Participant: 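One structure follows; several queries about it will come next.
To find a chain, count down the sequence lines: A is the first, B the second, and so on, and within it residues start at 1. These numbers come from a predicted model, not from an experiment.
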Amino acid sequence: DTEVTQTPKHLVMGMTNKKSLKCEQHMGHRAMYWYKQKAKKPPELMFVYSYEKLSINESVPSRFSPECPNSSLLNLHLHALQPEDSALYLCASSQGRLAYGYTFGSGTRLTVV
Amino acid sequence: AQTVTQSQPEMSVQEAETVTLSCTYDTSESDYYLFWYKQPPSRQMILVIRQEAYKQQNATENRFSVNFQKAAKSFSLKISDSQLGDAAMYFCAYRSAGANSKLTFGKGITLSVRP
């Protein structure tokens, strides 16, 4: 298995809703990442988990809450989002060797109404 | 801090022709890694090619090759025999060799392929 699987593919939520994005990989990668991407822009790093511990939080608002229950699974819990949070949310993972780059999922397209 | 610059927002190439996408970067480090990612309309970021800075030989992956000029801090991507499926947004990215290093992306370039 050489994939990063993200669910759901599309999500529409109201500003008062609570929802979660899920990311799963079975490649044995010990680092996992959440990125936010606006149309025609590069991905922006949000969070990094290394060996199931949060190692980097890029000053992301608390309405985004990451969770890494085990080495294969990464969640992003969403609460009280704003319309400007509408974007493509990408998950990625990487193995220990830095030269191999990241493996990305196909993302969740989030629309906040 | 490292920066990655892709100065051309868009390019177009005729099918079967060759196109070169430019990328420059700025760093004070000597050991790092460079990547080109492709993002088609399907949204998934796909690793096209990678280059280790300590290797002088330019990386090649089938129709994709790079021209890595370390002194000039330049890392261009050449796509030979362009195909319709090559149409996508392409991002150049940098990663330092240190622990907990992050990928730094350029702004990207949209490549269209004319049939």
Participant: Taking 4.5 Å as the heavy-atom cut-off, does anything in residues 12-21 of chain A contact chain B, and if so which residues?
Facilitator: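 No residue falls under the 4.5 Å cut-off.
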Participant: Tell me the closest heavy-atom pair linking Leu90(A) and Arg43(B), and the distance in Å.
Facilitator: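 Smallest heavy-atom distance, with atoms named: CD2-O, 4.2 Å.
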Participant: Is it the case that over 12 heavy atoms from other parts of the model lie below 6.0 angstrom from the CD atom of Gln56(B)?
Facilitator: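 Check fails, neighbour count at 12 or below.
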Participant: Which atoms of Tyr33(A) come close to chain B, meaning under 4.5 Å heavy atom to heavy atom: side chain ones, backbone ones, both, or neither?
Facilitator: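 Only the side chain of Tyr33(A) comes within 4.5 Å of chain B.
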Participant: Taking the six-membered ring where the residue is Trp, are the ring centres of Tyr102(A) and Tyr37(B) under 6.0 Å apart?
Facilitator: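 They do not qualify: ring centres at least 6.0 Å apart.
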Participant: Counting heavy atoms not belonging to Gln82(A), are there more than 12 under 6.0 Å from its CD?
Facilitator: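 Buried by this count: over 12 neighbours within 6.0 Å.
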Participant: If you compare all heavy atoms of Pro42(A) against all heavy atoms of Gly106(B), which two are closest, and at what distance to 0.1 Å?
Facilitator: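 Closest heavy-atom pair between Pro42(A) and Gly106(B): CB-O, 3.2 Å.
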Participant: Is there a path of hydrophobic side-chain contacts, each under 4.5 Å between heavy atoms of I/L/V/M/F/W/Y residues, joining Tyr33(B) to Leu103(B)?
Facilitator: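 Yes; tracing contacts between hydrophobic side chains, which count when under 4.5 Å, links both residues.
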Participant: Given that the side chain runs from C-beta out, which part of Thr104(B) has a heavy atom under 4.5 Å from chain A: side chain, backbone, both or neither?
Facilitator: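 Neither part.
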Participant: Among the clusters formed by ILVMFWY side chains lying less than 4.5 Å apart, do Phe47(A) and Leu73(A) turn up in the same one?
Facilitator: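 No.
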Participant: Could you state whether Ile49(B) and Met45(B) fall into the same hydrophobic cluster, counting links through intermediate Ile, Leu, Val, Met, Phe, Trp or Tyr residues with side-chain heavy atoms under 4.5 angstrom apart?
Facilitator: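 Different clusters: Ile49(B) never reaches Met45(B) through Ile, Leu, Val, Met, Phe, Trp or Tyr contacts under 4.5 Å.
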Participant: Where does Gln51(B) contact chain A at under 4.5 Å (heavy atoms): side chain, backbone, both or neither?
Facilitator: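 Gln51(B) has no heavy atom closer than 4.5 Å to chain A.
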Participant: Other residues, nucleotides and ligands only: do more than 12 of their heavy atoms fall within 6.0 Å of NZ on Lys73(B)?
Facilitator: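 Yes - once you tally the heavy atoms of other residues, nucleotides and ligands closer than 6.0 Å, there are more than 12.
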Participant: Rounded to the nearest 0.5 Å, what separates atom OG1 in Thr103(A) from atom CG in Leu47(B)?
Facilitator: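 With rounding to 0.5 Å, OG1 (Thr103(A)) is 7.5 Å from CG (Leu47(B)).
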Participant: Which of residues 85-92 of chain B have a heavy atom under 4.5 Å from any heavy atom of chain A?
Facilitator: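 Hits under 4.5 Å: Met89(B), Phe91(B).
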Participant: Of the backbone (N, CA, C, O) and the side chain (C-beta and beyond), which part of Gln37(A) lies under 4.5 Å from a heavy atom of chain B, both, or neither?
Facilitator: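 Only the side chain of Gln37(A) comes within 4.5 Å of chain B.
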Participant: I need the Lys102(B) NZ to Glu58(A) CD distance, nearest 0.5 Å.
Facilitator: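 Between atom NZ of Lys102(B) and atom CD of Glu58(A) there are 3.5 Å.
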Participant: Evaluate whether atom CG of Asn62(B) has more than 12 neighbouring non-hydrogen atoms of other residues, nucleotides or ligands under 6.0 angstrom away.
Facilitator: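 Open: at most 12 neighbouring heavy atoms sit under 6.0 Å from CG of Asn62(B).
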Participant: Just how far is it from atom OG of Ser94(A) to atom CZ of Arg95(B), taken to the nearest 0.5 Å?
Facilitator: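 The CZ atom of Arg95(B) is 4.5 Å from OG of Ser94(A), to the nearest 0.5 Å.
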Participant: For Gln44(B) and Phe104(A), indicate whether the former's side chain and the latter's backbone hold a donor-acceptor pair under 3.5 Å.
Facilitator: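 Judged by distance alone, yes, a pair lies under 3.5 Å.
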Participant: Grouping I, L, V, M, F, W and Y whenever their side-chain heavy atoms are under 4.5 Å apart, do Tyr32(B) and Phe35(B) come out in a common cluster?
Facilitator: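 Unlinked, Tyr32(B) and Phe35(B) end up in two clusters.
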Participant: Tell me whether Val48(B) shares a hydrophobic cluster with Val66(B), the cluster being built from Ile, Leu, Val, Met, Phe, Trp, Tyr side chains joined at under 4.5 Å.
Facilitator: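 Yes.
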Participant: If you count the non-hydrogen atoms of other residues, nucleotides and ligands that lie under 6.0 Å from NZ in Lys55(B), is the total more than 12?
Facilitator: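 Open.
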